[in-house]
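Only one structure is covered here, and it is reproduced in the block below.
Because the structure is a prediction, the values reported are computed rather than measured.
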Amino acid sequence: MFTGIIETLGTIKEIRKEKENLHLKVVSTITNELKIDQSVSHNGICLTVVAIENDIYTVTAIKETIKKTNISNWKVNDIVNLERAMKLGDRLDGHIVQGHVDQIGICKNISEAEGSWYFTFEYNKEQQNITIEKGSITVNGTSLTVVNSKENEFTVAIIPYTYENTNFKNFKVGTIVNLEFDVIGKYVKRIQDLRI
């Protein structure tokens, strides 16, 4: 489990395909604190550390992960948002994040608003995921509050700290992102569907 509060950034140093898997080498300031078998969120994708060498660690993505996320678009030197799993008893500063990406979205608009930014994302409504006005959403692993919720679109407001300390500063119109919808919102929708 994660909180969606990004700890640090990592840089992709190597991507190697082996059959249907992708092996990724990442350099990060937290590498020396990691352990083999530890779960780390990479742009919202929960991946297991399988090897560590100096300041570089390796994770592996399987076919299901590759199919549901934007990981197949990653390139060497790309910057990814990193968060280690939360400890039991820690403050939950963001929201409950599983690290299980529901689907990808695409950045449709970026606008500056006197020092902050508004990012609008569109997603495929056929997968029946929903956002709730003032509810939570995870974009590339970052816990955010939804504004202007629509059927297949939503906007988030990004403060300068988040902009500088996540990979939001690298987003452009057309950037593909990982989305994890609020787990509580998913259960509310399921209950509503059962009542129909």
Side-chain angles (χ1 to χ4, degrees), residues 1-12 15 20-31 33-52 57-74 78-106 119 121 123-124 127-132 135-146 154 156 158 162 165-168 170-171 175-190:
M1 301 293 286
F2 304 91
T3 67
I5 304 299
I6 303 306
E7 270 191 87
T8 190
L9 298 170
T11 303
I12 306 297
I15 301 172
E20 293 188 331
N21 296 336
L22 280 180
H23 303 288
L24 301 104
K25 291 191 175 183
V26 183
V27 63
S28 168
T29 56
I30 62 170
T31 301
E33 300 174 42
L34 299 179
K35 301 181 299 185
I36 303 295
D37 286 342
Q38 189 169 1
S39 295
V40 179
S41 170
H42 299 72
N43 278 358
I45 308 167
C46 179
L47 298 170
T48 302
V49 176
V50 297
I52 300 171
Y57 67 91
T58 304
V59 292
T60 300
I62 62 172
K63 182 180 180 180
E64 180 71 8
T65 302
I66 296 165
K67 183 172 74 172
K68 285 194 172 179
T69 70
N70 68 2
I71 201 167
S72 61
N73 296 333
W74 295 5
D78 276 359
I79 305 296
V80 293
N81 295 327
L82 300 178
E83 181 193 356
R84 286 174 284 183
M86 66 182 295
K87 294 178 184 175
L88 197 59
D90 277 0
R91 288 188 179 90
L92 186 60
D93 290 323
H95 71 282
I96 297 170
V97 177
Q98 296 178 299
H100 303 156
V101 174
D102 292 304
Q103 65 183 99
I104 57 171
I106 184 165
F119 288 78
F121 299 95
Y123 59 93
N124 184 342
Q127 295 187 41
Q128 299 185 345
N129 290 307
I130 61 166
T131 58
I132 299 169
S136 297
I137 186 75
T138 308
V139 178
N140 268 10
T142 309
S143 173
L144 299 163
T145 301
V146 172
F154 65 91
V156 293
I158 302 296
T162 304
N165 290 280
T166 68
N167 58 14
F168 266 82
N170 299 325
F171 288 9
T175 294
I176 296 171
V177 297
N178 294 320
L179 301 177
E180 181 182 328
F181 294 81
D182 187 359
V183 68
I184 295 170
K186 289 180 201 175
Y187 287 123
V188 168
K189 182 180 185 314
R190 186 169 294 172

Steps toward side chain to side chain contact (heavy atoms under 4.5 Å, CB included) verdict (Val146, Ile132)
CA-CA 7 Å; Val146 172; Ile132 299 169; over 6 Å; no
Item checked: Atom CD of Glu20 with >12 non-hydrogen neighbours under 6.0 angstrom -> no
field: Flag side-chain contact, heavy atom, 4.5 Å: Leu179 against Phe154
entry: yes
Is the shortest heavy-atom distance from the side chain of His42 to the side chain of Leu82 under 4.5 Å?
yes
Per side chain to side chain donor-acceptor pair (under 3.5 Å), Asn81 is matched among Thr8, Asn165, Asn140, Asn167 by Asn167
Gap between atom [atom2] of [Y] and atom [atom1] of [X] - 0.5 Å precision:
X      : Y      : atom1 : atom2 : result
Leu22  : Thr60  : CG    : OG1   : 9.0 Å
Asp102 : Asp182 : CG    : CG    : 10.0 Å
Met1   : Cys46  : CE    : SG    : 10.5 Å
Ser143 : Glu180 : OG    : CD    : 10.0 Å
Asn73  : Ile66  : CG    : CD1   : 11.5 Å
Phe2   : Ser39  : CZ    : OG    : 5.5 Å

Only one of [options] forms a side chain to side chain contact (heavy atoms under 4.5 Å, CB included) with [X], so which one is it?
X      : options              : answer
Thr142 : Ile5, Thr166, Ile158 : Thr166
Ile45  : Ile71, Val80, Val40  : Ile71
Asp78  : Asn170, Ile12, Leu24 : Ile12

Looking at [X] and [Y], would you say the former's side chain and the latter's main chain have a donor-acceptor pair under 3.5 Å?
X      : Y     : answer
Thr69  : Thr65 : yes
Gln38  : Lys35 : yes
Asn178 : Asn43 : yes

Which atom pair, heavy atoms only, marks the closest approach of [X] to [Y]?
X      : Y      : answer
Thr58  : Lys25  : OG1-CG, 3.5 Å
Leu9   : Ser28  : O-OG, 3.8 Å
Tyr123 : Ile104 : CB-O, 4.0 Å
Gly141 : Glu83  : O-OE1, 4.4 Å
Val97  : Gly4   : CG2-N, 3.8 Å

Do the ring planes of Phe168 and Phe171 sit parallel (below 30°), tilted (30 to 60°) or perpendicular (above 60°)?
-> tilted
### Message
Evaluate Ile106 against Phe121 for side chain to side chain contact (heavy atoms under 4.5 Å, CB included), listing each step before the verdict.
### Response
CA-CA 5 Å; Ile106 184 165; Phe121 299 95; over 6 Å; no
Exercise. For Asn129 and Gln103, does a side-chain donor sit closer than 3.5 Å to a side-chain acceptor?
Worked result: yes
